[in-house]
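For reference, the structure discussed in these notes is given below.
A note on names: the letters A, B, ... follow the listed sequences, proteins ahead of strands, and every chain is numbered from 1.
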There are 2 protein chains.
Amino acid sequence: MDVTVRDIDGIKRYLMNEGINPSYQRIKIFEYLANHRIHPTVDTIYNDLCREIPTLSKTTIYNTLNLFEQKEIITSLSIEKNELRYECDTRPHAHFKCTVCGTVYDIRHEFPLVTKSVIDGHKVTEQQLYLKGICKNCSRDS
Amino acid sequence: MDVTVRDIDGIKRYLMNEGINPSYQRIKIFEYLANHRIHPTVDTIYNDLCREIPTLSKTTIYNTLNLFEQKEIITSLSIEKNELRYECDTRPHAHFKCTVCGTVYDIRHEFPLVTKSVIDGHKVTEQQLYLKGICKNCSRDS
DNA sequence: GTATCTGCAAAACATTTGCAATTCT
DNA sequence: AGAATTGCAAATGTTTTGCAGATAC
């Protein structure tokens, strides 16, 4: 799902369409990803959603994200060691992580994507381009 | 260090040159990386080196790899979630991981590298291109 | 002899698993 | 009721930390 989702019913229909039983927790987790395009970690999702759903457990978040990823409606990013991040934008694009403030930005233009489906004889089915450095905001501040 | 290292003295000089005290363990760990271009995990390095150095501890491997990475003589790869790999080739190149056999290949040609130092206003200092799919060998087997 | 380095044990995290309770239809 | 889902507690796996002993200069 590539645009901000405004209504719960839209999410419900989308999940069902992808073969996912739309439970309350699953809808809320997907809604969170759709409306918070910050590439959150499990911990961030948990801390934020806990306020709204006090009974929510991390296990459910792990279960749900693993299910979503397996159904290919979200993507996981391992741009930083020991820190998995998630996003619900599955269109191919690159990511830039600022080493100062930690923000992860989507990079949609001006970056090279592999277009060949075979490289050095290997069949390519997935790709991730991770960039790091100092972001626009942090450069200006210093 | 980009070519296979044959002599311990060469490694010793290289480490000293990079401001690293060349202890026995550090030399052996660097030698291992230089002569095993398989992008090993800490566990692999530990299991292999243990045969030669029975008293070696994983803590020392973690300490050493973190030191090497900080001194920028090795690179860590987070191509797979929850599995850090290391290599001593710091020249820019891409990596391909086979989802069948798990092998990680270096990709030196036919892949796009970011050449601009500024993208979307962000200063880029590091990049990693991770590809996944089915490798040459596993395609042939099936 | 003083700095540094090593390695054990414990701690700190992140993620998964087993399973009983809950929810949904 | 029956099947799926949730969430607690425990297990697993990885990396870091504290610290005492060993090593090197």
Side-chain angles (χ1 to χ4, degrees), chain A residues 8-9 11-13 15-16 18-32 39-71 73-86 102, chain B residues 8-9 11-13 15-16 18-32 39-71 73-86 102:
Chain A
I8 299 299
D9 276 350
I11 294 175
K12 197 179 277 189
R13 268 182 267 113
L15 293 180
M16 288 175 75
E18 299 291 331
I20 298 166
N21 191 355
S23 75
Y24 176 65
Q25 286 85 346
R26 289 172 180 171
I27 292 169
K28 294 307 258 180
I29 291 168
F30 192 88
E31 184 194 28
Y32 182 87
H39 317 90
T41 62
V42 166
D43 218 58
T44 304
I45 300 171
Y46 177 73
N47 289 326
D48 284 359
L49 277 183
C50 251
R51 267 173 247 147
E52 213 183 329
I53 315 167
T55 59
L56 186 66
S57 84
K58 275 197 186 178
T59 303
T60 299
I61 298 180
Y62 280 109
N63 287 341
T64 301
L65 293 175
N66 287 342
L67 175 68
F68 286 174
E69 195 179 9
Q70 181 200 314
K71 295 287 189 178
I73 66 169
I74 67 172
T75 306
S76 69
L77 307 178
S78 55
I79 191 169
E80 193 68 65
K81 50 182 81 173
N82 313 321
E83 178 187 87
L84 268 187
R85 291 167 171 271
Y86 292 88
Chain B
I8 298 299
D9 276 351
I11 293 175
K12 197 179 278 189
R13 269 183 266 113
L15 293 180
M16 288 175 75
E18 300 290 332
I20 298 166
N21 191 356
S23 75
Y24 176 65
Q25 286 85 345
R26 288 172 181 172
I27 292 169
K28 292 307 257 181
I29 291 168
F30 191 87
E31 184 193 28
Y32 182 87
H39 316 91
T41 61
V42 166
D43 218 58
T44 305
I45 300 172
Y46 177 74
N47 288 326
D48 284 358
L49 277 183
C50 252
R51 267 174 247 146
E52 215 183 330
I53 315 167
T55 60
L56 186 66
S57 84
K58 275 196 186 178
T59 303
T60 298
I61 298 180
Y62 279 110
N63 287 341
T64 302
L65 293 175
N66 287 342
L67 175 68
F68 286 174
E69 194 178 10
Q70 182 200 313
K71 295 286 189 179
I73 66 168
I74 65 172
T75 305
S76 69
L77 307 178
S78 55
I79 191 169
E80 193 69 64
K81 49 182 81 173
N82 315 321
E83 179 187 89
L84 267 186
R85 292 167 170 270
Y86 293 89

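Put simply, CG on A/Leu49 is 13 Å from P on D/dT6, counting in whole angstrom units. Rounding to whole angstrom units, CD of residue B/Glu80 and C1' of D/dT14 are separated by 15 Å. Rounding to whole angstrom units, NZ of residue A/Lys28 and C1' of D/dT6 are separated by 17 Å. Nucleotide C/dG7 holds its C1' atom 14 Å from the CZ atom of B/Arg26, rounded to whole Å. When rounded to the nearest whole Å, the span between CD of A/Glu83 and P of D/dT15 equals 14 Å. For the pair B/Tyr46 OH and D/dT14 C1', the interatomic distance rounds to 14 Å; values are reported in whole Å. For B/Asn63 and D/dT15, the CG to P distance is 13 Å, given to the nearest whole Å. Separating the CD1 atom of B/Ile20 from the C1' atom of C/dT4 is a distance of 15 Å, rounded to the nearest angstrom.
Contact annotation: the side chain of B/His39 never approaches that of B/Ile79 to less than 4.5 Å [non-hydrogen atoms, C-beta and beyond].
Of the nucleotides present, none pairs with D/dT23 by Watson-Crick or G-U wobble criteria with both distances under 3.5 Å. The nucleotide D/dT17 finds its pairing partner in C/dA9, both defining distances of the Watson-Crick or G-U wobble pair being shorter than 3.5 Å.
Taking the O4'-C1'-N9-C4 or O4'-C1'-N1-C2 dihedral as appropriate, D/dA3 has a value more than 90° from 0 and is therefore anti.
At distances below 3.5 Å, not a single donor-acceptor pair connects side-chain atoms of A/Arg85 with backbone N or O atoms of A/Pro40. When atom types are taken as modelled, the side chain of A/Ser78 and the backbone of B/Glu80 share no donor-acceptor pair closer than 3.5 angstrom.
The side chain of B/Tyr62 sits closest to D/dT16 out of D/dG7, C/dT6, D/dT16. Nearest nucleotide to the A/Asn66 side chain, out of C/dT16, D/dT6, C/dG7: C/dT16. In this structure, of D/dT6, C/dA14, C/dC5, it is C/dC5 that holds the atom nearest to the side chain of B/Ser23. Side-chain proximity of A/Leu84 to the nucleotides C/dT15, C/dT16, C/dC5 is greatest for C/dT15. Among the nucleotides C/dT6, C/dT15, D/dG7, the one closest to the side chain of A/Ser57 is D/dG7. In the set C/dG7, D/dG7, C/dT16, the nucleotide with an atom closest to the side chain of B/Thr59 is C/dG7. Taking only side-chain atoms of A/Asn21, from C-beta outward, the nucleotide of D/dA4, D/dT15, C/dT6 with the closest atom is D/dA4.
Nearer to the 5' terminus of DNA chain D, by closest-nucleotide assignment, is the contact made by B/Asn82 (compared with the other of B/Tyr24 and B/Asn82).
For the pair A/Glu69 and B/Lys81, the salt-bridge criterion is met [side-chain N within less than 4.0 Å of a carboxylate O].
Side-chain polar atoms of A/Gln25 and A/Thr60 form no donor-acceptor pair below 3.5 angstrom.
Contact between the side-chain N/O atoms of A/Gln25 and the OP1/OP2 oxygens of D/dG7 is found at a separation under 4.0 Å.
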